[in-house]
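Reviewing the structure listed below.
Positions are given from 1, in the same order as the sequence printed here.
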Amino acid sequence: MSGTDARAPLSVVTEDLTLTVDGVDLDVRSTGERLFVEVPTVRDAIRVVRRLPENGDTRAPAALLTATRLTTEVRVRGRTVAVIGADARPGRLSRELGVAPAEVRVAGALGAGASGLSAIASEPRRLFA
(Lines give C-alpha, C1' and ligand atoms only; values in the text may rest on other atoms or scores of the structure.)
Protein backbone atom coordinates (compact mmCIF):
# COMPACT_ATOMS: atom_id res chain seq x y z
CA MET A 1 0.00 0.00 0.00
CA SER A 2 1.48 3.34 -0.98
CA GLY A 3 1.43 6.42 1.22
CA THR A 4 -1.15 7.99 -1.10
CA ASP A 5 -3.49 4.97 -0.93
CA ALA A 6 -4.26 4.91 2.80
CA ARG A 7 -7.74 3.41 2.49
CA ALA A 8 -8.40 -0.28 2.92
CA PRO A 9 -9.81 -2.13 -0.10
CA LEU A 10 -12.76 -3.13 2.10
CA SER A 11 -14.52 -0.97 4.66
CA VAL A 12 -17.09 -2.09 7.20
CA VAL A 13 -19.54 0.42 8.62
CA THR A 14 -21.95 -0.54 11.34
CA GLU A 15 -23.74 1.43 14.01
CA ASP A 16 -25.80 -1.28 15.63
CA LEU A 17 -24.78 -4.91 15.22
CA THR A 18 -24.99 -7.60 17.84
CA LEU A 19 -23.62 -11.14 17.52
CA THR A 20 -24.79 -13.81 19.93
CA VAL A 21 -22.58 -16.77 20.84
CA ASP A 22 -23.89 -19.31 23.36
CA GLY A 23 -26.31 -16.74 24.76
CA VAL A 24 -23.63 -14.03 25.09
CA ASP A 25 -24.43 -10.81 23.21
CA LEU A 26 -21.37 -9.27 21.56
CA ASP A 27 -21.72 -5.68 20.43
CA VAL A 28 -19.88 -4.93 17.20
CA ARG A 29 -18.93 -1.47 16.00
CA SER A 30 -16.49 -0.23 13.42
CA THR A 31 -14.43 2.70 12.28
CA GLY A 32 -14.38 1.46 8.69
CA GLU A 33 -11.04 -0.36 8.81
CA ARG A 34 -11.22 -1.61 12.39
CA LEU A 35 -13.94 -3.76 13.93
CA PHE A 36 -14.45 -3.79 17.68
CA VAL A 37 -16.11 -6.83 19.23
CA GLU A 38 -17.15 -5.98 22.78
CA VAL A 39 -17.55 -8.83 25.28
CA PRO A 40 -19.28 -7.75 28.50
CA THR A 41 -17.30 -9.78 31.07
CA VAL A 42 -14.32 -12.08 31.42
CA ARG A 43 -16.73 -14.90 32.24
CA ASP A 44 -18.60 -14.26 28.98
CA ALA A 45 -15.31 -14.17 27.05
CA ILE A 46 -14.37 -17.59 28.42
CA ARG A 47 -17.81 -18.90 27.49
CA VAL A 48 -17.43 -17.62 23.92
CA VAL A 49 -13.91 -19.06 23.55
CA ARG A 50 -15.16 -22.47 24.72
CA ARG A 51 -17.73 -22.43 21.89
CA LEU A 52 -15.08 -21.95 19.21
CA PRO A 53 -14.22 -25.00 17.10
CA GLU A 54 -11.65 -27.34 18.65
CA ASN A 55 -9.08 -26.68 15.95
CA GLY A 56 -9.46 -22.91 16.56
CA ASP A 57 -7.33 -22.07 13.50
CA THR A 58 -7.06 -18.27 13.28
CA ARG A 59 -4.96 -18.27 10.10
CA ALA A 60 -7.80 -18.11 7.55
CA PRO A 61 -9.73 -15.25 9.21
CA ALA A 62 -6.46 -13.40 9.86
CA ALA A 63 -5.41 -13.81 6.22
CA LEU A 64 -8.76 -12.45 5.00
CA LEU A 65 -8.58 -9.49 7.37
CA THR A 66 -4.97 -8.77 6.42
CA ALA A 67 -5.64 -9.04 2.67
CA THR A 68 -8.48 -6.53 2.99
CA ARG A 69 -6.45 -4.35 5.40
CA LEU A 70 -8.98 -4.79 8.19
CA THR A 71 -8.28 -5.36 11.87
CA THR A 72 -10.56 -6.79 14.55
CA GLU A 73 -10.08 -6.00 18.22
CA VAL A 74 -11.70 -8.23 20.81
CA ARG A 75 -12.40 -6.17 23.91
CA VAL A 76 -13.51 -7.31 27.35
CA ARG A 77 -14.83 -4.70 29.79
CA GLY A 78 -13.45 -2.02 27.46
CA ARG A 79 -9.92 -3.47 27.29
CA THR A 80 -8.37 -4.94 24.16
CA VAL A 81 -7.44 -8.57 24.84
CA ALA A 82 -6.81 -9.77 21.28
CA VAL A 83 -6.11 -8.28 17.86
CA ILE A 84 -6.45 -10.15 14.60
CA GLY A 85 -5.82 -8.93 11.07
CA ALA A 86 -3.74 -6.21 9.45
CA ASP A 87 -2.51 -4.49 12.63
CA ALA A 88 -1.96 -7.63 14.73
CA ARG A 89 1.58 -8.13 16.00
CA PRO A 90 1.69 -11.62 17.49
CA GLY A 91 4.49 -12.25 19.90
CA ARG A 92 5.90 -15.15 21.83
CA LEU A 93 2.76 -15.59 23.98
CA SER A 94 0.54 -15.83 20.89
CA ARG A 95 2.82 -18.52 19.47
CA GLU A 96 2.96 -20.39 22.81
CA LEU A 97 -0.84 -20.35 23.07
CA GLY A 98 -1.13 -21.46 19.45
CA VAL A 99 -3.27 -18.48 18.42
CA ALA A 100 -0.77 -16.70 16.14
CA PRO A 101 -1.31 -14.81 13.84
CA ALA A 102 -3.68 -13.30 16.43
CA GLU A 103 -2.07 -10.97 18.94
CA VAL A 104 -2.79 -11.58 22.61
CA ARG A 105 -2.61 -8.49 24.82
CA VAL A 106 -1.73 -9.54 28.36
CA ALA A 107 -2.16 -6.07 29.83
CA GLY A 108 -5.68 -5.88 28.41
CA ALA A 109 -6.58 -9.30 29.80
CA LEU A 110 -5.19 -8.40 33.23
CA GLY A 111 -7.00 -5.05 33.15
CA ALA A 112 -10.28 -6.70 32.21
CA GLY A 113 -9.86 -9.22 35.02
CA ALA A 114 -9.05 -6.51 37.55
CA SER A 115 -12.03 -4.46 36.40
CA GLY A 116 -14.27 -7.48 36.83
CA LEU A 117 -12.96 -8.15 40.34
CA SER A 118 -13.46 -4.50 41.23
CA ALA A 119 -17.05 -4.63 39.98
CA ILE A 120 -17.70 -7.76 42.05
CA ALA A 121 -16.19 -6.17 45.16
CA SER A 122 -18.24 -3.00 44.79
CA GLU A 123 -21.54 -4.81 44.20
CA PRO A 124 -22.30 -5.53 47.90
CA ARG A 125 -21.58 -1.88 48.77
CA ARG A 126 -24.03 -0.75 46.09
CA LEU A 127 -26.72 -3.13 47.34
CA PHE A 128 -26.46 -1.97 50.96
CA ALA A 129 -25.80 1.73 50.40
Side-chain angles (χ1 to χ4, degrees):
M1 179 167 85
S2 72
T4 59
D5 181 21
R7 294 190 51 95
L10 179 64
S11 180
V12 177
V13 178
T14 180
E15 291 182 21
D16 186 20
L17 177 64
T18 302
L19 301 175
T20 302
V21 177
D22 196 28
V24 177
D25 289 337
L26 310 171
D27 291 328
V28 179
R29 61 185 176 80
S30 74
T31 61
E33 297 171 5
R34 188 171 291 259
L35 295 167
F36 298 92
V37 178
E38 302 281 345
V39 184
T41 66
V42 173
R43 182 183 206 172
D44 288 338
I46 292 168
R47 211 163 129 193
V48 169
V49 168
R50 287 183 175 160
R51 295 299 289 171
L52 295 175
E54 289 281 329
N55 62 358
D57 190 359
T58 60
R59 289 178 296 214
L64 175 63
L65 288 167
T66 300
T68 56
R69 297 189 199 120
L70 293 173
T71 301
T72 297
E73 286 189 28
V74 178
R75 299 170 55 90
V76 178
R77 300 189 68 82
R79 276 117 174 141
T80 301
V81 298
V83 179
I84 187 169
D87 292 335
R89 303 291 175 257
R92 177 184 225 158
L93 180 60
S94 295
R95 289 186 292 279
E96 290 291 325
L97 293 174
V99 298
E103 172 186 350
V104 175
R105 294 203 177 161
V106 175
L110 292 174
S115 176
L117 291 174
S118 177
I120 290 168
S122 66
E123 187 63 22
R125 280 184 254 142
R126 187 181 66 80
L127 291 174
F128 297 109

So does [Y] get a backbone contact from the side chain of [X], meaning a donor-acceptor N/O pair under 3.5 Å?
| X | Y | result |
| --- | --- | --- |
| R47 | D22 | yes |
| T68 | L64 | yes |
| T71 | D87 | yes |
| E103 | R89 | yes |
| T72 | I84 | no |

Working to the nearest 0.5 Å, report the span between [atom1] of [X] and [atom2] of [Y].
| X | Y | atom1 | atom2 | result |
| --- | --- | --- | --- | --- |
| R29 | L17 | CZ | CG | 12.5 Å |
| D44 | R77 | CG | CZ | 10.0 Å |
| L26 | T18 | CG | OG1 | 8.5 Å |

Find out if a path of hydrophobic residues (ILVMFWY) with successive side-chain heavy-atom gaps under 4.5 Å connects [X] to [Y].
| X | Y | value |
| --- | --- | --- |
| L19 | I46 | yes |
| V99 | V106 | yes |
| V21 | V28 | yes |

Search all heavy atoms of [X] against all heavy atoms of [Y] and return the closest pair with its distance.
| X | Y | result |
| --- | --- | --- |
| A102 | S94 | O-OG, 2.9 Å |
| R59 | P101 | CG-CD, 3.7 Å |
| L70 | G32 | CD2-O, 3.5 Å |
| A86 | T66 | N-OG1, 3.7 Å |
| L65 | G85 | CB-CA, 3.6 Å |
| P90 | R95 | O-NH1, 3.5 Å |

* Check step by step if side-chain contact (heavy atoms from CB on, under 4.5 Å) holds for T31 and F36. => CA-CA 8 Å; T31 61; F36 298 92; 3.7 Å; yes
* Asked: Do V24 and P40 come within less than 4.5 Å of each other through their side chains, counting heavy atoms only?
  -> yes
* Do the non-hydrogen side-chain atoms of V81 and R105 ever get within less than 4.5 Å of each other? -> no
* Out of T41, V42, V48, V37, which one pairs with V76 under the side-chain contact (heavy atoms from CB on, under 4.5 Å) rule? -> V42
